[in-house]
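Just so you know, ligand 1 is whichever comes first in the structure, and atom 1 is the first atom listed for that ligand.
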Amino acid sequence: MKTGGHPILKDLVLIGGGHSHVAVLKSFGMNPIPGVRLTVIARDVHTPYSGMLPGFIAGHYVFDEVHVDLRPLSQFAGARLYHSEAVNLDLTAKMVICNNRPPVPYDVLSINIGSTPRVDEVPGADQFTTPVKPINNFVNRWEKLSQRIMEKPGKHRIGVVGAGAAGVEVLLAMQYRVKQMLDQRARSGEKLEFHLICKSDDIMPAFPPSVAARFGRVLKERGISVSRGTAASAVEYGLLKLDNGSSLKLDEILFVTEAGAAEWLGRTGLKLDENGFIAVHDSLQSVSHPDVFAAGDIAAVVNHPRPKAGVFAVRQGKPLARNLKRVLRNRPPRPFNPQKSILALVSTGDRYAVASKYGLSVEGSLVWKWKDWIDRRWMAKYTDLPEMAEEEKSSVDPALGSRDTLKEISAIAMRCGGCGAKVGANVLTRALSELKPPERDDILVGLHDPDDAAVVEVPAGKVAVHSVDYFRSFVDDPYLFGQVAANHSLSDLFAMGATPQSALAIATIPYGIESKVEETIRQLMAGAMAVLNDAGAVLVGGHTSEGAELALGFSVNGFATRDQVLRKGGMRPGDQLILTKPLGTGTLFAADMKRKAKGRWIDGALESMIQSNQLAGRSVHQHHATACTDITGFGLLGHLVEMIRPSKVDVHISLSSLPVLDGALETVKMGILSTLQPANVRLRRAIRNMEETTSSDLYPLLFDPQTSGGLLASIPDQHAEHCLKALHDEGYEKAAIIGKVEPESNQLEPITFVH
Ligand SMILES: Cc1cc2nc3c(=O)[nH]c(=O)nc-3n(C[C@H](O)[C@H](O)[C@H](O)COP(=O)(O)OP(=O)(O)OC[C@H]3O[C@@H](n4cnc5c(N)ncnc54)[C@H](O)[C@@H]3O)c2cc1C
């Protein structure tokens, strides 16, 4: 995270990357506050822009045109992006409790999590309908739904429950798209039936009557039947029951009814309104907790109630950012008076729209073009981010701190390093106090009974296997980085067939005030310990110092029987080569730094990096591997050469079989490569058919340095397919047979790549 090298004084945590928080992120990117650390906890890394969702359904836009990618936006803002879901708050300890990581502490908190469907009020709705809200993942739900419609030949009966703007817009967009899809498949003759269920006396009750009249006409022209003044009372398979006693036979039912608030907020102690939404002042500050703010659908502005619509969430972004900055600087927030009348632009699915303001309305295809222009301009604000000049190293904003914290900051600047830049004992003790390494009888002296050094027992008949790795953090999340670093270090043991026993940690923590340093260590080591504990490796000690950048490494120790140790040099002609994880982490994270990687690509890469090689190691050993190594900094080719030389063999690699992480091909095509790449490329002289190989788009990935990469194992031909199946069954979905070991030739270059 780009903290500009300043010590951290305050933590601003944002829950949810909704329409208001994207504006907060942009604002912090444009005007950061030195000394404030920003963290976004987001369940979904791609935020759909509600205004364009109907256009997406209608097929006018593709996924990336209607989603703000929080990853590059967070990079721009200098924010840490935690892909996680908040499930509670500890308002006393000022912590956000998450579903898949340790609690995240805050000084100031802001919540923009949208609303959730209320399908539980109608019996059967949760089982037999597709809820439109939350809008995240609606894209997946829509894809499944349209697929179901296309798979079924004949008559299609589709109902939408809820006749607000969203319900009407979604229905019209769906009708347009489904018709188009049937036309494309030469199935225009199939009958399409659409129904709209409207609880109020007329559709779109929140809009002026002229707008409802226009849409009433459009619905009629498009042959859509509208049931007015009746609500859904129950749903059964293929049947929607209404409270007027009638029922409709339907193949697909969508619920676009009023949404509710997340149920977990009820457990937090925040003051909520009668519907469970967070009650906030005009300043968007919680009425019960001044250090908590809320915006968008989830906020209920006590003095200015407004419908739950994306447009209000958008409007609140700017005042929210301003007020968050004010309270961080110990200033009172300012009230925000939302406009009474807003410009509403609602589309009819066929590149036609209705605009309304102050009770007046107009319609036409020009209105749609206008809406399209406004929507694209909004998206561009968060996707076409300006290049900012490197931040000058100004000092921490003095308005942030109390006298004591500012004194602490001056003390950090004066640190001499004569203490070996060691982190203070108290800070370490507190941060590590919650870590619970498993107990093992062969750990004689470890963290449970600390001394100058750890003492471990080596079982009779076993040999000790040692390895060490250490590197700088490339992600802004210490918990995740801890997991990656531990997995990366342990992979050496798994490749050699050793069983981990213990580990020593070496960590560098960025300078900061004590409470922030302590928290970083806690998160970092919690991530690492989760991995070490799973692997059965007891953390027995370590060393932590302060420095400019977060870094972590482990010296890992394991045991194996002497004849079980698997070396790089045992490959035999006829063996098949199996790679257990896809390539591409180097280029993807280089792209991430430049804000050129999509959030979902980085998510995929991180998922791969935190996958332990333990089961893979076991599998390749069980399938009689003759040689094995883990793919790390030298890239596939470098590590392959390390295996080939001592094995005295040649290899043929199939380029088309190489597993590759999503996005890696795109980023190498952009010319984005890791800084280690040039050193790795020197080994290209090991390639026999250079011309053919360089013509492949995959060529740069052969040298791409991997962090916590997969194992590369040489497996006897008769066991290779079974081994691959076992790897797939164990969750190494992209594991692949990538080539074959050949007898050593008299050529200088041992590696041939085939397409
Ligand atoms: C089909 C459809 C069309 C619509 N069209 C329009 C329109 O044209 N104009 C309009 O004004 N409104 C429209 N709306 C309404 C609009 O979508 C919502 O009002 C709007 O999305 C609310 O914005 P928000 O910022 O409050 O939350 P959201 O946009 O819903 O964002 C909330 C974010 O928080 C994240 N999140 C949720 N829970 C957690 C958690 N526990 N921890 C971490 N992260 C979490 C989610 O992943 C999400 O990214 C439409 C709604 C639908 C369903």
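Taking every heavy atom of Asn112 and a limit of under 4.0 angstrom, the matching atoms of ligand 1 come to 24 (P), 25 (O), 26 (O), 32 (C), 33 (C), 34 (O). Near Ile41, the atoms of ligand 1 lying under 4.0 angstrom from a non-hydrogen atom of the residue are 43 (C), 44 (N). Close contacts between ligand 1 and Glu85 involve ligand atoms 40 (C), 41 (N), 42 (N) [criterion: under 4.0 Å to a heavy atom]. Near Lys308, with a cut-off below 4.0 Å to any heavy atom, the atoms of ligand 1 are 19 (O). Close contacts of ligand 1 with Ser84, meaning ligand atoms under 4.0 Å from a residue heavy atom, involve 43 (C). Under a 4.0 Å criterion applied to the non-hydrogen atoms of Val311, ligand 1 contributes the atoms 10 (C), 11 (O). In the vicinity of Val170, heavy-atom distances shorter than 4.0 Å reach the ligand 1 atoms 1 (C). Interface atoms of ligand 1 facing Glu169, defined by a heavy-atom separation under 4.0 Å, are 8 (O).
No side-chain heavy atom of Arg228 sits less than 4.5 Å from a side-chain heavy atom of Leu196.
For Phe63 and His46, the ring centers sit closer than 6.0 Å to each other.
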Legend entry - salt bridge (Lys or Arg N to Asp or Glu O under 4.0 Å) assessment of Lys94 paired with Asp107: CA-CA 7 Å; Lys94 298 181 71 157; Asp107 294 291; 5.1 Å; no
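Nearest-residue assignment for atom 6 (C) of ligand 1 (options Ala344, Gly55, Ser50, Pro48; heavy-atom criterion): Ser50. Nearest to atom 42 (N) of ligand 1 by heavy-atom distance, out of Ser115, Gly18, Ala86, is Ala86.
Shown here is Arg334, whose CZ atom has no more than 12 heavy atoms of other residues, nucleotides or ligands within 6.0 Å.
The one candidate from Leu343, Asp375, Val362 that meets the side chain to side chain contact (heavy atoms under 4.5 Å, CB included) condition with Trp370 is Leu343.
Judged by distance alone, the side chains of Ser84 and Arg101 never bring a donor and an acceptor atom under 3.5 Å apart.
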